[in-house]
Amino acid sequence: MLDLRYIRENAGAVKKNCADRGVEADVDLVVGLADRRSALLQELEGLRARQNQLAKAVGKERDEGARARLIEESRELKERIPELEEELHRVEERLTEEQLKIPNLTHPEAPIGKDDSENVEIRRWGEPKEFGFEPKDHVELGEALGIIDFDAGAKTTGSKFYFLRGDAVLLELGLVRFALDLLSGRGYELAMTPDLARDRMLLGTGFVPRGPETQIYSVEDTDLSLIATAEITLAGQLADEIVEEGSLPRRFAGLSHCFRTEAGAHGRASRGLYRVHQFTKVEMFAFTTPEQSEEMHREMLGIEEEIFRTLEIPYRVVDICTGDLGAAAYRKYDVEAWMPGRRDYGEVTSTSNTTDYQARRLGIRYRPEGGRPRLLHTLNGTAIAVSRTMIALLENHQREDGSVVLPEALVPYVGREVLGPPHR
RNA sequence: GGAGGAGUGGCCGAGCGGCCGAAGGCGGCACCCUGCUAAGGUGUUAUACCUCUAACAGGGGUAUCGAGGGUUCGAAUCCCUCCUCCUCCGCCA
């Protein structure tokens, strides 16, 4: 959410930003509603001031007649005030609804573009490996090894769900522990968060919990949804709080399951583990001062790259263009790993600087030394999204016989050098 | 799930239906004093929004004492619902 005053005073710039991002938001409507709200508020506050005045006067008035007159006027106000309040409430509800559609501002250096085809590659690491044989994709590899079972997932739960078996279980746990160890050493507080969160936390972080275009599973008859990422709970943990400046930056490494309906995503490149409804992820999250956030963003991207270099997986880094930023991001970088099964790079991590966009909605502020509270900045980045990392790992490190050699750094975490069929 | 208790400012903690945005303490800030340090003294210190104004300086106003309703001329204070936390019992991984 953007600051209402900023929107009113910079309607032109906000409109241009919406256009750059390809977002349909009615800025004029927001401004109109904001004006209406101000007018109502002024009228209402005037009446309330009179009401308070009267109440105070009644307490002091000794003359019975005068007292009765004061109470009479007060009773009249008591009728009118709720009517205005109701109208104000309606206007504010509508205003918030429209205001939420307006995306965050954009970093001046973010590339302008309409969709992911206009994202800008900024660097590459590693060369796609030449196999001396026809490489298989992770679905073939996983099923042949008996370690990824889509049929069982589909039977018990539905398509795009899966069982991990045998060495894949150890691989998931090893990847998670590998990431946690690395982040713990970089000053990230380890956290396992709830896998569900209140709708307010989803809205606050820029997700749409319910409705036709939602990507979120919500629980009926409650205000809870399954989280799409621990970003939601990690951001929400400080909702409505004011933290001391000295405690910033504050870094978290959050482990959670992630749930996504992926509505409308069928038919696209989504074979196997690439686009699933549930996966495990270690997420980086940070609260910073406005001055610290760009540096923190670079730090997160650096860690993401380091992880994939350590896993010996070729990747490229992409600067996400305006049309592909989503609502909350001011700037976003993706790391895309080489996936031999696709003969292409595929997104494995994403890191965003959301500036004060989430903090405003969630009410998270910090107190500068001796100053008034200011909104802080929030950032997030993927350390390891297990499912997609598993794709890259299996496909890049496969051998002709269908077994998979683990990168050295992972061996102690998985307890194996080679992934093979489960023990019978 | 059952029975009790509690939710107040950055933190702790008072609070008779009107004089309470709220005592007191801690912490913070400013100044004073003490040759350093420690201690002490005085003052100050919630947030958002509206409005006057050249003003992010001041003045005025509204709201906020877990949330939402209600009673009342008037609610932190009374009533209802919900949420959260604590204690005890039951159940359970």
Side-chain angles (χ1 to χ4, degrees), chain A residues 1-10 30-96 99 192-204 209 219-225 233 236-248 250 257 287 289-291 356-376:
Chain A
M1 186 164 72
L2 289 185
D3 180 41
L4 198 51
R5 186 165 0 185
Y6 181 87
I7 297 172
R8 293 173 87 171
E9 290 169 3
N10 301 277
V30 169
V31 172
L33 286 166
D35 290 344
R36 177 83 187 113
R37 172 182 167 277
S38 290
L40 279 170
L41 199 57
Q42 281 173 49
E43 190 180 350
L44 181 61
E45 287 188 352
L47 294 184
R48 285 208 276 233
R50 179 63 187 151
Q51 176 79 316
N52 286 341
Q53 225 175 28
L54 288 169
K56 210 165 274 188
V58 168
K60 289 182 181 143
E61 184 57 64
R62 292 283 158 251
D63 180 82
E64 272 309 313
R67 196 180 154 93
R69 279 193 297 280
L70 289 172
I71 291 177
E72 179 52 32
E73 185 182 348
S74 190
R75 282 210 168 101
E76 281 168 28
L77 286 178
K78 235 183 129 177
E79 306 251 322
R80 284 204 284 153
I81 288 175
E83 291 167 16
L84 273 181
E85 278 175 342
E86 203 173 308
E87 190 177 353
L88 178 65
H89 183 71
R90 275 198 303 271
V91 169
E92 286 188 327
E93 211 163 61
R94 191 80 185 86
L95 174 60
T96 302
Q99 197 182 345
M192 285 179 77
T193 82
D195 286 340
L196 292 93
R198 298 182 195 285
D199 288 347
R200 178 187 170 209
M201 302 304 168
L202 290 265
L203 281 170
V219 181
E220 207 173 345
D221 297 326
T222 71
D223 68 339
L224 294 175
S225 296
T233 39
Q237 67 184 321
L238 290 186
D240 300 320
E241 294 196 26
I242 301 172
V243 302
E244 293 302 325
E245 178 170 21
S247 70
L248 300 177
R250 197 154 164 206
H257 291 123
F287 300 94
T289 66
E291 292 73 26
D356 62 12
Y357 194 81
Q358 296 178 331
R360 180 170 296 106
R361 191 83 180 110
L362 291 171
I364 311 177
R365 293 171 296 172
Y366 75 100
R367 188 182 296 283
E369 303 293 337
R372 337 184 109 253
R374 291 171 73 196
L375 292 170
L376 48 68

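In what follows, every chain begins at residue 1, and chains take the letters A, B, ... in the order their sequences are listed.
For G24(B) and A14(B), the C1' atoms lie 7 Å apart once the distance is rounded to whole Å. Comparing the C1' positions of U53(B) and G43(B) gives a spacing of 28 Å, expressed to the nearest Å. Going from the P atom of C82(B) to that of U45(B) covers 41 Å, rounded to whole Å. Using atom P as the reference point in both A23(B) and A76(B), the two lie 15 Å apart (nearest Å). For the C1' atoms, the distance linking G15(B) with G9(B) amounts to 14 Å, nearest Å. Across U42(B) and A55(B), the matching P atoms stand 39 Å from one another, rounded to whole Å. The same atom, C1', is picked in G21(B) and in U62(B); the two are 13 Å apart, to the nearest Å. Comparing the C1' positions of G41(B) and C49(B) gives a spacing of 38 Å, expressed to the nearest Å.
The side-chain heavy atoms of Val30(A) and Leu4(A), taken from C-beta on, include a pair separated by under 4.5 Å. In this structure, Leu376(A) and Asp356(A) have side chains that are not in contact, with every pair of non-hydrogen atoms separated by 4.5 Å or more. In this structure, Ile364(A) and Leu375(A) have side chains that are not in contact, with every pair of non-hydrogen atoms separated by 4.5 Å or more. At least one side-chain heavy atom of Arg5(A) sits less than 4.5 Å from a side-chain heavy atom of Glu9(A). Between Glu92(A) and Arg37(A), the closest side-chain pair of non-hydrogen atoms falls below 4.5 Å.
With rounding to whole Å, Asp240(A) atom CG is found 18 Å from C83(B) atom P. In this structure, Lys56(A) atom NZ and C19(B) atom P are separated by 7 Å, rounded to whole Å. Per the geometry, CD1 belonging to Ile364(A) stands 17 Å off C1' belonging to A48(B), to the nearest Å. Atom P of nucleotide U47(B) and atom CZ of Arg374(A) are separated by 14 Å, given to the nearest angstrom. We find that CZ of Arg367(A) is positioned 9 Å from C1' of U45(B), with the value rounded to whole Å. We find that CG of Leu88(A) is positioned 12 Å from P of C50(B), with the value rounded to whole Å. The interatomic distance linking Arg36(A) (CZ) with C50(B) (P) rounds to 16 Å, in whole Å. Summarising the geometry, the separation between CG on Asp223(A) and P on C83(B) is reported as 10 Å, rounded to the nearest angstrom.
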_How would you summarise protein contacts on nucleotides 51-68 of chain B per nucleotide, using B for base, S for sugar-phosphate only and - for none, with heavy-atom distances below 4.0 Å?_
S---------BBS-----
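The existence of a salt bridge linking Arg250(A) and Glu244(A) is excluded, since no basic side-chain nitrogen approaches an acidic carboxylate oxygen closer than 4.0 Å. One finds no salt bridge joining Glu241(A) and Arg365(A) here, because no Lys/Arg side-chain nitrogen approaches an Asp/Glu carboxylate oxygen to under 4.0 Å. Comment: Arg367(A) does not engage Glu245(A) in a salt bridge, judged by the lack of any side-chain N to carboxylate O separation of less than 4.0 angstrom.
The residue Arg67(A) sits close to a base: some heavy atom pair falls under 4.0 Å. If you check every strand for non-hydrogen atoms under 4.0 Å, Leu41(A) touches sugar and phosphate atoms only.
Summarising the local packing, CD of Glu86(A) is surrounded by 12 or fewer heavy atoms from other residues, nucleotides or ligands at distances under 6.0 Å.
With a cut-off of 3.5 Å on both pairing distances, the Watson-Crick or G-U wobble partner of G43(B) is C29(B). Of all nucleotides present, only C73(B) satisfies the Watson-Crick or G-U wobble test against G18(B), with each distance under 3.5 Å. Nucleotide A57(B) forms no Watson-Crick or G-U wobble pair with any nucleotide shown, as no partner meets the under 3.5 Å limit on both distances. Pairing of U87(B), defined by two Watson-Crick or G-U wobble distances under 3.5 Å, is identified with A3(B). Across all strands shown, U37(B) forms no Watson-Crick or G-U wobble pair with both distances under 3.5 Å.
Looking at which nucleotide of RNA chain B each of Arg198(A) and Glu244(A) is closest to, the 5′-most match is held by Glu244(A). When each of Leu54(A) and Arg8(A) is assigned the nucleotide of RNA chain B bearing its nearest heavy atom, the one mapping closer to the 5' terminus is Arg8(A).
Just one residue in the list Arg48(A), Lys78(A), Arg80(A) forms a salt bridge (charged side-chain N to carboxylate O under 4.0 Å, His left out) with Glu85(A), and that residue is Arg48(A).
Nearest to the side-chain atoms of Arg5(A) among the listed nucleotides C49(B), G18(B), U47(B) stands C49(B).
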Show each protein N/O and nucleotides 74-78 of chain B N/O combination with a separation under 3.5 Å, one pair to a line.
residue, atom, partner, partner atom, Å
G74(B), OP2, Lys78(A), NZ, 3.3

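A donor and an acceptor atom, one from each side chain of Ser74(A) and Gln51(A), are located under 3.5 Å apart.
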